[in-house]
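Each ligand, and each atom within it, is numbered from 1 in the order the structure gives. Because the structure is a prediction, the values reported are computed rather than measured.
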Amino acid sequence: MSTTYKIAVLPGDGTGPEVVAEGLKVLDAATSKFGFKLEYTHFDFGGDRFLRTGEVLPDSAADELRQFDAIYLGAIGHPGVKPGILEKGILLRLRFELDQYINLRPVRLYPGVDTPLKDKGPEHIDYVVVRENTGGIYTGTGGISMKGTPHEVAVQSMVYNRFQVERCLRYAFEYTRKFGKKARGKGEANTLGLVGKTNVLTYVFDLWERTFHELGEKEFPDVKREYYHVDATCMWMVKSPEWFDVLVTGNMFGDIITDLGAITQGGMGIAAGGNINPEGVSMFEPIGGSAPKYTGMNIINPLAAICSGAMMLETLGEIKASQAIEEAVKDVTANKIKSLSAGKMGYSTTEVGDMVAERL
Ligand code: IPM
Ligand code: MN
């Protein structure tokens, strides 16, 4: 009997539904080839539902979603809704309530894809960022007092406890041991780099740095440890991305450096991410937004959504199917599409989905 995975599908806003449709097309092609089943349940969370009902996310959503093996998300963000409402009320709320404390974001340049980095190719841009996903400034305490007066005060604190830091680092060490450059036959060592700011944020990153070395020494002596300041990391992500293997960092720094990483791998048309709860249900998404101006035009690039589907299969344990999708995507970037940008691919959204599915 073949395994059946229950997948919650949240197509979301703008071009989300279009790219999700192509992702599902490719996932379906993988199921028939690799002998497992996916059972989809669609949810309409997003801007249209909010404008219709006045409710951003039902309180029961997290509990309902917990019943699934994984969540497949398109995009959240609607031009008719003030920025922040849907992002905080749906995306961030689900990350927090489902305790998806890892955001896994590979930075990988596929063959045939243009990078803005001079003289760099797929052999140079091939690393992974492990972003802490449920703490730091995103959930730290804060508030505003004396609003509207010249003495107004605004506070938003970067708060981390040892538990949050340790579980994120443990995941990163384990990931590095399994998927680092040595493990993949691409280097001499499996290296985990902590990205911080120990020269200024002397409390929070002191906690990160001490925990990093204590845990590494005790439980992961086989993983090589490096430390980089976040500002210098940005510089080297542009100048020498080949130095990096796996990077781990807090929520805010991770948010920022992964946009930089994404543009070096060809942009939002290809960058995929996973919001992972290693002990619970994880949610996979293309990291670009809903690109509302392209809605319904069949010109948006579905590859990021397709790659996030591949990440979902990897996390479910369907490693072969996941790798096959990635290979099919590489074949399409190397031999078919001209550009990753919407409208410039030389093919429509649905045609790109068809090509990946066929190559599987
Ligand atoms: C991301 C996004 C989100 C974040 C926003 C939309 C809340 O930028 O997934 O990186 O800041 O985490
Ligand atoms: Mn971001």
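Atom 8 (O) of ligand 1 has its nearest heavy-atom neighbour, among Asp255, Leu86, Leu91, in Asp255.
Salt bridge present: Glu226 and Lys224 bring a charged side-chain N and a carboxylate O closer than 4.0 Å. Ion pairing between a basic and an acidic side chain is recognised when a charged N comes within 4.0 Å of a carboxylate O; Glu174 and Arg177 show no such pairing.
Atom CD of Glu209 sits about 6.5 Å away from atom CG of Leu194, to the nearest 0.5 Å.
For ligand 1 and Arg131, the ligand atoms under 4.0 Å from any heavy atom of the residue are 1 (C), 4 (C), 10 (O), 11 (O), 12 (O).
With a 4.5 Å cut-off on side-chain heavy atoms, Leu98 and Asn277 do not count as touching.
Of the protein's heavy atoms, Tyr138 OH, 2.5 Å lies nearest to atom 11 (O) of ligand 1. Nearest protein neighbour of atom 6 (C) of ligand 1, counting heavy atoms only, is Glu87 CG, 3.7 Å.
In this structure, Met252 has no heavy atom closer than 4.0 Å to ligand 1.
Taking the ring-ring contact (aromatic ring centres under 6.0 Å, His included) definition, one finds that His42 meets it with nothing, sequence neighbours left out.
Counting only residues at least two apart or in different chains, salt bridge (charged side-chain N to carboxylate O under 4.0 Å, His left out) contacts with residues 98-113 comprise Asp99-Arg167, Arg108-Asp126, Arg108-Glu326.
Distances from the Mn ion (ligand 2) to each N, O or S atom of Asp255 single out OD1 as the nearest.
Residue contacts with ligand 1: Arg105 is placed with a nitrogen or oxygen under 3.5 Å of a nitrogen or oxygen of the ligand (distance criterion only).
Residue contacts with ligand 1 for Arg95 involve side-chain atoms from C-beta outward but no N, CA, C or O (heavy atoms, distance under 4.0 Å).
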